[in-house]
Q: 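Below is a structure I'd like to ask you about.
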Amino acid sequence: MNVQASSDGESQVDYTHSPWLDPSATPFIQIKNINKQFGAFTAVNDVSLDIYKGELFALLGGSGCGKTTLLRMLAGFETPTSGSIIIDGVDMNGIPPYERPVNMMFQSYALFPHMSVHKNIAYGLKREGVAKAERTQRTNEILEMVELEEFAKRKPHQLSGGQRQRVALARALIKRPKVLLLDEPLAALDKRLREQTQFELMNIQEKLGITFVVVTHDQEEAMTLATRIAVMDKGDFEQIGTPAQIYENPRSRFIASFIGSANLLDCAVTKRDGDFYSVSQPGVDQPIVVEYDGELAVGANVTLAVRPEKIHVEKRSVANSSVAQGSNQLNGVVKEMAYLGRLSTYHIVTDSGVLIEVTSPNQSRYRDGNHPIDWDDEVTISFAPQSAVLLTE
Amino acid sequence: MNQKKSKFLISCMIFGYAFLYVPIFLLILYSFNYSPLLPVWGGFSTRWYSRLLESPEVWDATLLSLKIAFISATVATVFGTLAGLALARVGQFRGKTVFTGMISAPLVMPEVITGLSLLLFFITLWQLTGWPQQRGMFTITIAHITFAMAYVAVIIQSRLAGTNRALEEAAMDLGAKPLRVLTDITIPMLAPGMMAGWLLAFTLSLDDLIIASFVSGPGSTTLPMMIYSRIRLGLKPDINALATILIVSVAIGVFIAGWIMLRQQKQRALLANE
Ligand SMILES: Nc1ncnc2c1ncn2[C@@H]1O[C@H](COP(=O)(O)OP(=O)(O)OP(=O)(O)O)[C@@H](O)[C@H]1O
Ligand SMILES: [Mg+2]
């Protein structure tokens, strides 16, 4: 959220970048109580969602959770069992795929094998009845945009995976749809190409201003690409929000462990002091203080979640401890460590016997036999009350 | 041990192929024999081929066979394709499995039975409606359509099962109405299968003797029927020449059909290797 100081001193939300915060904005795509049954099996379970114009919205979830099914209902290939889909004010119920203002980029690309790259891309315009001269011109323009000019005459099977991906993208974009649906657009590419293509996708989306709905099972991809993410599980939305919201304020244990990794500890509330709650694990005396803006009764069961990178670790023997005032401190021993270059990951067992994962940046150079923190070192771990969250689900 | 085994296998193979192809080779060889007496080699000549050209009944029979083969293959391809499409693409309906099984029944049905049942069918039809008044080219064509259609439908159905449904959806997504999808995407994808089906139907019709014999009438003698009836009057070298022509044309048809299928398989394999 962008907060700007206005002339009268009050802060104002910048709605152009976060339309979902603007109560007066009308959503571009409205998904209302959509349900999809395959026989007795519920693939999508009564979900509702608003997507705004110009968003790059990601549907994220594990395999089989119903992402593709939801996307196919937007495209018109599946009919919802109940509920309605409204795109740009028009109810899509009963409107066939060929009359919807959306285009889709398929998971397998689905390039027409008997047509050249040029013909593949121009197909949508041809069906729209665009005259040949304009068709050629627009196709050439988009070929230039995806940098495939010299491949125009080739057949799909004569292209590399990355080139096919770009042909599929160009073909789906040429009609300048109101909404572009992308089903795992980068899944078939290798890691390097995928990262590079993510930024190309974002650039194209920004340039054309088309609303994108991207399906992915790769959480990093969703975080990189999306303005907002809906995390799906078993046909339901678990949480909808910006990448930062979802990462920093996970709504449930599922989200906390699905997006990134988190230390999850089952605790009970022992004391409350304003927004500061003391929680502790059953049988463990040492309380942990967490700032939480919800209402919790003393004695309530909660889950404490702390991200590994939000925990500070240092040797207990260090003279000038840099542990911040007021932060939670626990003593423990390093049981495992993994050197990952940029970061190191430590598995630390606290004195009360809890396993905590900590990642910390490698600020000083490692040299053989000179690790700042090593196996079996006695360490102190600490984190601020603001770094942890309490989960009730 | 291994060496021995492979020698044994190789001799088996040679024997097997010899058994298959020596008679055909002999037939072709004797069609170029100058001597009219079968086992006597009288030098190379093409006289039987020229004689063939001069005999009008051979021409009539050939022309009739070609006409029937062409018409029945074409009609069978159209109907077979539609049947294959229906079976593969019209979602689930009651008794789909039964229909799918039934379409391939004519493939395993003894031809004698197919011929007999078709003859009964035409006779019943004639009694009920007075049509067809006489059996001939028309009834043979219909008979050939019915059994060739089954072959085409099976080929198309297996082609479709292997093709990517997403291609048709992609076309629809880009604004193609269902009929357009059929002509722009489905038919071109099926074209090699349809070609193969047509060639198969054509050759099946061209060399069918049994079914044609059942449903033909006076004055309509197909090429295989003519060859068969002449053989019964004694082996004549001009029949060898005729048979040679038949073998060569059937071989070409089968070869082209196989080549088309192979090429499509390769292309598909390339696309599947993502
Ligand atoms: N046509 C269908 N008939 C029956 N079940 C289906 C059909 N299509 C999808 N399903 C089921 O619905 C569920 C959701 O499928 P969907 O394709 O939406 O998953 P997904 O989230 O896209 O998974 P993935 O990440 O593996 O692509 C799956 O359990 C699947 O088996
Ligand atoms: Mg999917």
Side-chain angles (χ1 to χ4, degrees), chain A residues 38-39 68 71-72 74-78 96-115 119-130 155-165 167-168 170-175 177 179-181 183 187-190, chain B residues 81 85 88-94 96-97 155-156 158-198 259-274:
Chain A
F38 290 112
T68 300
L71 206 67
R72 288 171 60 80
L74 286 170
F77 297 126
E78 306 279 2
Y98 45 88
E99 280 166 8
R100 295 195 178 199
V102 301
N103 282 127
M104 179 148 165
M105 189 182 146
F106 287 77
Q107 193 162 2
S108 54
Y109 306 148
L111 300 178
F112 306 134
H114 56 290
M115 294 186 196
K119 285 221 168 103
N120 258 285
I121 295 177
Y123 188 79
L125 294 180
K126 194 171 175 189
R127 287 287 71 84
E128 209 175 53
V130 174
K155 290 278 178 68
H157 66 93
Q158 296 165 317
L159 299 177
S160 76
Q163 290 161 347
R164 276 180 217 169
Q165 190 266 350
V167 176
R171 189 180 69 177
L173 281 172
I174 194 141
K175 287 179 77 178
V179 180
L180 183 69
L181 309 170
D183 193 358
L189 307 181
D190 65 44
Chain B
T81 303
L85 268 171
R89 287 293 143 85
V90 178
Q92 286 297 329
F93 57 89
R94 267 175 79 92
K96 182 177 175 179
T97 331
I155 291 179
I156 293 295
S158 69
R159 294 276 114 171
L160 274 175
T163 58
N164 197 349
R165 190 78 228 256
L167 291 179
E168 291 164 299
E169 287 180 345
M172 204 180 277
D173 186 63
L174 291 165
K177 296 195 172 72
L179 204 62
R180 262 290 170 197
V181 175
L182 194 71
T183 56
D184 283 359
I185 310 296
T186 319
I187 302 277
M189 273 199 308
L190 289 179
M194 287 167 68
M195 283 281 266
W198 189 88
W259 182 71
I260 290 172
M261 290 221 213
L262 199 73
R263 211 182 54 155
Q264 205 206 11
Q265 250 159 30
K266 273 193 193 147
Q267 244 185 34
R268 195 175 290 159
L270 267 174
L271 263 190
N273 275 340
E274 324 217 284

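Residue numbers begin at 1 in each chain, while the letters A, B, ... track the order of the sequences. The shown structure was predicted, so the numbers you read here are calculated from the model rather than taken from an experiment.
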Q: Is the cationic atom of Arg165(B) (NZ for Lys, CZ for Arg) positioned less than 6.0 Å from the six-membered ring centroid of Phe77(A) and within 45 degrees of its normal?
A: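 Checked: cation-pi criterion not met.
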Q: Which bit of Met115(A) is near chain B, if near means a heavy-atom gap under 4.5 Å: side chain, backbone, both or neither?
A: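 Interface part for Met115(A): side chain.
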Q: Determine whether a donor-acceptor pair (N or O, by modelled atom type, separation under 3.5 Å) exists between the side chain of Arg171(A) and the backbone of Gly124(A).
A: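 Pair absent, no side-chain N/O of Arg171(A) close to backbone of Gly124(A).
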Q: I'd like to know if the side chain of Gln163(A) and the backbone of Ser160(A) have a donor-acceptor N/O pair within less than 3.5 Å.
A: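 Indeed, once roles are kept as given, a pair shorter than 3.5 Å links the two residues.
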Q: For each of Ala166(B), Pro188(B), Gly175(B), Pro178(B), tally heavy-atom pairs with chain A at distances under 4.5 Å, and name the one with the top tally.
A: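 Among the listed options, the one with the most contacts to chain A is Gly175(B).
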Q: Please say which of Ile155(B), Thr81(B), Thr186(B) ends up in a side chain to side chain contact (heavy atoms under 4.5 Å, CB included) with Leu160(B).
A: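 Single pass found, and it is Thr186(B).
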Q: Does any backbone or side-chain atom of Arg100(A) lie under 4.5 Å from a heavy atom of chain B? Answer side chain, backbone, both or neither.
A: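 Neither part, no heavy atoms under 4.5 Å.
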Q: Which atoms of Ala191(B) are under 4.5 Å from chain A, going by heavy atoms: the side chain, the backbone, both sets, or neither?
A: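 Answer is neither: Ala191(B) stays 4.5 Å or more from chain A.
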